[in-house]
Amino acid sequence: MRRVQLYDTLSRETRLLMPITPPKVGLFVCGLTPYADAHVGHAKVAVVFDVVARALTRWGYRVFYVQNVTNLDDRLIERGGATSTDPMKLADQHFAAWRSAMDELNVRTVNYYPHATDYLPEIIVQVQQLVDRGFAYAARGSVYYDVARFPKYGALSGQKVEALQPGARVAVEAAKRSPEDFVLWKAAQPGEPAWESPWGPGRPGWHIEDTAITVRLFGPRYDVHGGGMDLKFPHHEAEIAQAEAATGESPLVNYWMHVGLVTMKGEKMSKSLGNVYGLDEALRTHGAEVLRFYYLNAHYRNPLDFAPGKSLEEAGEAYERLAAPARKLAGALRGSSSGAGSRELPAELAEDAVVAVRELDELLADDFNTREAIARLFVWSKRVGEWLPELAHLSPSALESLAAPYRWAGAMLGLFGPTGAPDARDEALAALAAAAIEARAAARTRGDFAEADRIRGALARAGIRLEDHGSTTSWQLGADDDAG
RNA sequence: GCCGAGGUGGCAGAAUGGUUAAUGCGACAGACUGCAGAUCUGUUUCCUGGGGGUUCGAUUCCCUCCCUCGGCUCCA
């Protein structure tokens, strides 16, 4: 297992990752409340932790990655009421859309998406534990957490309870003893989905599902908890208070990872502000890889300002500088089995490929510095660029060396498309392309440029784009697709 | 008010107590090319919010001020 440094919000320092039971790593990330279409802010968190899970797995850890789904809350009830839809059905619909967006984004590391309403027994047990231990009180059919009983409340976010401004944004509920108390169990209003409980019919409060789920799946303590910066307070604070009080064990989480928010013109992207850019639209107009690249081209902890019509366009230009050589190498490797060149790289360059991959690993293991890793990939691409004209003459092992950093990025960052082995169709295509390139070269040699351009045009219409490099010609698929 | 995160070139966005502050985008010039594209080379001089302090040396550490954003019980 590689040594990994992680920044932990609670201790405010970067520390070596020491799993509770190596090589296992329990990773819990706060997921969506799927009451509306997801936007590009939500997907950043998903991509960041996808990279975390990919990297840890590749470094020898056994990651159990859980992302919860809050499929019942006030907003869902409100939305459902407005559209005469069952709130949980509404959640299911949006969650299905989220899953398909995740597939498209190449986010496949989440092992389990528990839904809040599937954990009602665990939730009720945990609320009861908190009542029994004196950390919670029932009032008017609801149950509230008594924050005064938990002195550590505020440690994660640095808040002092007495300095909070009650009701700064959300009205204080009358049944609370103190404004900072938060609801564990909400008494049902007429017509709302409700479950029987020792306190009467009701439903879970916002924070309780996470700790009910993690105690069940991971036990009283686990390794890494992630989420957006905006969840630090009160949500994660409440999780600590709930779990540590209910189980009597501490700390709930060893490493808190908080992702910088996506903003627009400096302001947080959120549905309530109305300044959202839809995930669907981003995927449709720029594709999943460009979006992934955009997120990873900055440090995950920093805010990322999104400018519609600009950010993804620029990211697309930059990404192409990496993707193009990666694609050409992949194409050359596909073709190489049917007729390989024999030229080798200078020993120094081949060695540098090994060094580059090692350094990429080191950068990523330093609190997931994807931006710095991408900078190294650009540097590598510059060196690869010098060899592009020679691609057709290079040996398979030389091609593998040049491709190694891109393969690394494929595995770790989820970029550059599939990296599977070539199949029979790839080889047939490569042979056809080679024949066409040969015919065109002959036409060019005898000065018949009309014929040369006819061949190039015909291939382009079939989605095969040719590029001349001095005396050689390379080809690639779908590079100038007109979808965008 | 309190807590937290930020402020780096035309733009995006890293890093570090120490030679020219990464990388990319954009712009400009050149090389290569039948054309196109791609690629390469060079340029883009004065870029670390203001002011103090510590230090031989600060963008980095400390103090202070300013600005922006997030949170203060809906939030990725």
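Chain letters run A, B, ... following the sequence lines, proteins first, then strands; residues in each count from 1.
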Quiz item: Using a cut-off of 4.0 Å on non-hydrogen atoms, how would the nucleic acid contact of A:Val183 be classed: base, sugar-phosphate, or nothing?
Solution: nothing
Quiz item: Quick one: A:Asp453 CG to B:G34 C1', roughly how many Å, whole number?
Solution: 8 Å
Quiz item: When we call it a touch if two heavy atoms are under 4.0 Å apart, what does A:Lys44 touch: a base, just sugar-phosphate, or nothing?
Solution: nothing
Self-check item: Sidechain-backbone polar pair: A:His115 side chain, A:Thr117 backbone, donor-acceptor under 3.5 Å
Solution: no
Quiz item: What is the distance, rounded to the nearest whole Å, between atom OH of A:Tyr294 and atom P of B:A12?
Solution: 10 Å
Practice problem: Just call it for A:Gly385: base, sugar-phosphate, or nothing, with non-hydrogen atoms closer than 4.0 Å on any strand. | Solution: sugar-phosphate
Quiz prompt | Donor-acceptor pair (no angle test) under 3.5 Å: A:Arg376 side chain, B:U23 base | solution = no
Quiz item: Nearest of B:C35, B:C69, B:U73 to any side-chain atom of A:Pro234?
Solution: B:U73
Quiz item: From the list B:G13, B:C3, B:U73, which nucleotide is the closest neighbour of the side chain of A:Lys176?
Solution: B:U73
Quiz item: What about A:Arg371: does its side chain form a donor-acceptor pair under 3.5 Å with the base of B:A15?
Solution: no
Practice problem: Ignoring the backbone of A:Gln159, work out which of B:A76, B:C2, B:G24 is nearest its side chain. | Solution: B:C2
Exercise. Quickly work out the A:Glu386 CD to B:C32 P distance and round it to whole Å.
Key: 17 Å
Self-check item: Nearest-Å distance for atom pair CD1/C1', residues A:Ile437 and B:A36
Solution: 15 Å
Quiz item: Are A:Arg383 and A:Asp352 close enough, and set up right, to give a salt bridge (Lys or Arg N to Asp or Glu O under 4.0 Å), and what steps lead you there?
Solution: CA-CA 10 Å; A:Arg383 304 192 66 181; A:Asp352 283 353; 2.6 Å; yes
Quiz item: Is the A:His225 to A:Phe28 ring centre distance short of 6.0 Å?
Solution: yes
Quiz item: Looking only at atom types and distance, does a side-chain atom of A:Glu237 sit under 3.5 Å from a main-chain N or O of A:Leu156, one as donor and one as acceptor?
Solution: yes
Self-check item: Nearest-nucleotide 5' precedence on RNA chain B, A:Arg12 against A:Val259
Solution: A:Arg12
Quiz prompt | A:Ala212: partners by side chain to side chain contact (heavy atoms under 4.5 Å, CB included), with sequence neighbours left out | solution = A:Glu122, A:Ile123, A:Gln126
Quiz prompt | Which nucleotide in B:G24, B:A76, B:A14 has an atom nearest any side-chain atom of A:Ala298 | solution = B:A14
Exercise. Check RNA chain B for consecutive Watson-Crick or G-U pairs with both distances under 3.5 Å and list the runs of at least three as stems.
Key: B:1-7 with B:66-72, B:10-12 with B:23-25, B:26-31 with B:39-44, B:49-53 with B:61-65
Self-check item: Test of ring centre spacing under 6.0 Å for A:His236 and A:His207
Solution: no
Quiz prompt | Whole-Å gap separating C1' (B:A15) and CD (A:Glu372) | solution = 6 Å
Quiz item: Base, sugar-phosphate, or nothing: which does A:Arg454 touch, judged by heavy atoms less than 4.0 Å apart?
Solution: nothing
Quiz item: Any donor-acceptor pair under 3.5 Å between the side chain of A:Tyr153 and the base of B:U73?
Solution: yes
Exercise. Could you tell me whether the side chain of A:Asp468 has a donor or acceptor atom within less than 3.5 Å of a complementary atom in the base of B:A36?
Key: yes
Quiz prompt | Spacing between A:Lys232 atom NZ and B:A76 atom C1', to the nearest angstrom | solution = 14 Å
Quiz prompt | Ring centroids of A:Phe233 and B:G71 base under 5.5 Å with planes under 30° | solution = no
Practice problem: Select one nucleotide: of B:G6, B:A15, B:A12, the one nearest the side-chain heavy atoms of A:Lys310. | Solution: B:A12
Self-check item: Polar side-chain atom of A:Thr9 near backbone of A:Met257 as donor-acceptor pair, under 3.5 Å
Solution: no
Quiz item: Side chain of A:Glu314: nearest nucleotide among B:A76, B:C11, B:U73?
Solution: B:C11
Practice problem: Remember a base hit wins even if backbone is also touched, and classify A:Gly31 as base, sugar-phosphate or nothing at under 4.0 Å, heavy atoms. | Solution: sugar-phosphate
Quiz item: Using the C1' atom in both, what is the distance from B:G4 to B:C11, to the nearest Å?
Solution: 28 Å
Quiz item: For the side chain of A:Pro303, counting heavy atoms from C-beta on, which of B:A76, B:A38, B:A5 is nearest?
Solution: B:A5
Quiz item: Atom CZ of A:Phe378 and atom C1' of B:A12: how far apart are they, to the nearest Å?
Solution: 11 Å
Exercise. Answer yes or no for A:Lys271 and A:Tyr35: cation-pi contact, defined as NZ/CZ to six-membered ring centre under 6.0 Å and angle to ring axis within 45°.
Key: yes
Quiz item: Does A:Asn302 have a side-chain nitrogen or oxygen under 4.0 Å from the phosphate oxygens OP1 or OP2 of B:A14?
Solution: yes
Practice problem: Side chain of A:Val262 only, please: which of B:A76, B:G24, B:A38 is the nearest? | Solution: B:A76
Quiz item: Side chain of A:Tyr295, backbone of A:Val40: donor and acceptor closer than 3.5 Å?
Solution: yes
Quiz item: Less than 3.5 Å between a donor and an acceptor, one on the side chain of A:Arg383 and one on the base of B:C40, is that the case here?
Solution: no
Quiz item: Roughly how many Å is it from OH in A:Tyr7 to P in B:A15, rounded to a whole number?
Solution: 13 Å
